[in-house]
Student: 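What follows is a structure written as structure tokens; I'll ask about it next.
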Amino acid sequence: SLPLELLHLRNQARFVIDRSTRDRTGDCDALRLDLVETVTPTLIQRPEGGNMPSKVAAWVEITTGRLCKAEVRTRDAQHGVSKFEAVVAVEFERDEALGLTVPKRLREVFLVPPRGAGEGEATYSNYRRIVRAAR
């Protein structure tokens with residue numbers, strides 16, 4: 001949900017478009033928007049307090065406006081030295097049975113020098129709508 005939160009309309013004023021290019025991801029003919037967080041305090045903070053600005057890349061389908069992929073990069077670089085860096089990338093796909101765009105794959109990488117790195121990946125499938133019977 002991190003990419004969706006940062007791309008939400010309520011956070012639009014926090015980011016400026018650094019560049020936009022036409023790109024393709026999977027079967028999606030997209031406009032890639034590269035956004036940079038410029039407002040402080042930043043949405044993501046150091047545990048002890050302090051700014052950790054994020055960069056967001058969003059691949060938006062040109063014909064429909066559907067979000068096809070989003071990637072968030074957050075870096076803690078106090079005094080020019082990287083102490084923490086995280087990348088969270090989510091690919092989306094259209095689920096015709098539900099009539100919705102849903103997450104397909106999540107990939108995350110965390111770099112914490114000098115301790116090392118951690119990474120994870122999740123794939124999502126078998127979405128279904130839950131319907132409650134009326135009482």
Side-chain angles (χ1 to χ4, degrees):
S1 63
L2 178 64
L4 296 177
E5 175 63 28
L6 296 183
L7 290 169
H8 194 279
L9 183 59
R10 72 177 153 259
N11 292 316
Q12 182 178 9
R14 304 184 71 79
F15 292 88
V16 296
I17 297 176
D18 186 43
R19 79 183 154 139
S20 62
T21 55
R22 194 162 182 160
D23 199 0
R24 187 161 194 82
T25 180
D27 65 349
C28 185
D29 186 22
L31 181 65
R32 176 184 166 157
L33 301 171
D34 290 310
L35 310 162
V36 178
E37 186 175 20
T38 59
V39 173
T40 57
T42 57
L43 289 171
I44 298 174
Q45 295 279 301
R46 290 186 199 98
E48 67 278 3
N51 296 316
M52 290 178 56
S54 295
K55 294 181 179 181
V56 181
W59 286 258
V60 179
E61 190 171 49
I62 293 170
T63 57
T64 66
R66 172 178 70 96
L67 183 62
C68 300
K69 181 178 175 182
E71 182 178 281
V72 176
R73 292 180 175 272
T74 303
R75 186 169 184 241
D76 178 6
Q78 273 186 318
H79 312 293
V81 177
S82 181
K83 295 183 178 187
F84 174 84
E85 188 167 345
V87 179
V88 177
V90 182
E91 297 172 23
F92 299 91
E93 68 181 353
R94 179 84 178 157
D95 185 309
E96 294 304 330
L98 293 177
L100 298 170
T101 298
V102 296
K104 173 182 168 182
R105 179 175 172 244
L106 163 79
R107 180 182 55 83
E108 55 187 348
V109 178
F110 297 94
L111 307 170
V112 186
R115 291 184 236 159
E119 58 185 278
E121 185 173 314
T123 55
Y124 306 97
S125 62
N126 196 24
Y127 285 96
R128 52 201 176 276
R129 189 175 305 272
I130 298 172
V131 179
R132 293 176 138 188
R135 293 183 185 218

Student: Carefully, step by step, assess Leu67 and Thr101 under the rule side chain to side chain contact (heavy atoms under 4.5 Å, CB included).
Tutor: CA-CA 8 Å; Leu67 183 62; Thr101 298; 5.7 Å; no
Student: When hydrophobic residues are tied together by side-chain contacts of less than 4.5 Å, even through go-betweens, does Val36 share a cluster with Ile17?
Tutor: no
Student: For Gln45, what residues pass the side chain to side chain donor-acceptor pair (under 3.5 Å) criterion, not counting sequence neighbours?
Tutor: Thr42, Asn51
Student: For residues 55-69, pull every pair meeting side chain to side chain donor-acceptor pair (under 3.5 Å), keeping only residues two or more places apart or in separate chains.
Tutor: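 Pairs touching residues 55-69 that pass the test: Asp23-Trp59, Glu61-Thr64, Glu61-Arg66.
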Student: Of the non-hydrogen atoms in Thr74 and Val72, which two are nearest, and what is the gap between them?
Tutor: OG1-CG1, 3.8 Å
Student: Quick one: list whatever passes salt bridge (charged side-chain N to carboxylate O under 4.0 Å, His left out) with Asp29, sequence neighbours left out.
Tutor: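 Once residues adjacent in sequence are excluded, the partners of Asp29 under the salt bridge (charged side-chain N to carboxylate O under 4.0 Å, His left out) criterion are Arg22.
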Student: What residues form a side-chain contact (heavy atoms from CB on, under 4.5 Å) with Val109, not counting sequence neighbours?
Tutor: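 Testing Val109 for side-chain contact (heavy atoms from CB on, under 4.5 Å), a comparison that skips the adjacent residues, returns Arg107, Leu111, Glu119.
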Student: Residues in salt bridge (charged side-chain N to carboxylate O under 4.0 Å, His left out) with Arg115, at least two apart?
Tutor: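 Checked Arg115 against salt bridge (charged side-chain N to carboxylate O under 4.0 Å, His left out); zero matches.
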Student: For Arg105, give me all partners under salt bridge (charged side-chain N to carboxylate O under 4.0 Å, His left out), at least two apart in sequence or on another chain.
Tutor: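 Here the qualifying residues are Glu91, Glu121.
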Student: Using side chain to side chain donor-acceptor pair (under 3.5 Å) as the criterion, list what pairs up with Arg19, not counting sequence neighbours.
Tutor: Asp34
Student: Considering the options Leu43, Ile44, Val90, which one meets the side chain to side chain contact (heavy atoms under 4.5 Å, CB included) requirement together with Leu2?
Tutor: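 For Leu2, the side chain to side chain contact (heavy atoms under 4.5 Å, CB included) check succeeds only for Ile44.
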Student: Taking all non-hydrogen atoms of both residues, which atom of Leu33 and which atom of Ser20 are closest, and how far apart?
Tutor: CD2-CB, 3.6 Å
Student: Test: disulfide bond (SG atoms under 2.5 Å apart). Region: residues 96-135. Which pairs qualify, not counting sequence neighbours?
Tutor: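 Checked against disulfide bond (SG atoms under 2.5 Å apart) - neighbours excluded - no pair reaches residues 96-135.
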Student: Which residue pairs pass the disulfide bond (SG atoms under 2.5 Å apart) test with at least one member in residues 39-70, sequence neighbours excluded?
Tutor: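 Disulfide bond (SG atoms under 2.5 Å apart) check on residues 39-70 returns Cys28-Cys68.
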Student: Arg94: what forms a side chain to side chain donor-acceptor pair (under 3.5 Å) with it, not counting sequence neighbours?
Tutor: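 Arg94 satisfies side chain to side chain donor-acceptor pair (under 3.5 Å) with no other residue.
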Student: Report yes or no: do Val87 and Phe15 belong to one cluster of Ile/Leu/Val/Met/Phe/Trp/Tyr joined by side chain heavy-atom distances under 4.5 Å?
Tutor: no
Student: To the nearest 0.5 Å, how far apart are CG in Asn11 and CG in Leu4?
Tutor: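 Going from CG on Asn11 over to CG on Leu4, the span is 11.5 Å.
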Student: List the residues meeting side-chain contact (heavy atoms from CB on, under 4.5 Å) with Tyr124, not counting sequence neighbours, and say none if there are none.
Tutor: Pro103, Leu106, Ala122, Tyr127
Student: Residues two or more places apart in sequence or in another chain: which of them pass salt bridge (charged side-chain N to carboxylate O under 4.0 Å, His left out) with Glu5?
Tutor: Arg10
Student: Between Glu37 and Met52, what is the shortest heavy-atom contact and its length?
Tutor: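 Minimum heavy-atom separation between Glu37 and Met52: OE1-O, 4.2 Å.
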Student: Considering non-hydrogen atoms only, spot the tightest contact between Leu98 and Arg128 and give its length.
Tutor: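 Nearest pair, atom of Leu98 first, then Arg128: CD2-C, 4.0 Å.
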Student: To check you understand the geometry: which heavy-atom pair defines the closest contact between Ala13 and Val39, and what is its length?
Tutor: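 Taking every non-hydrogen atom into account, O-CG2, 3.6 Å.
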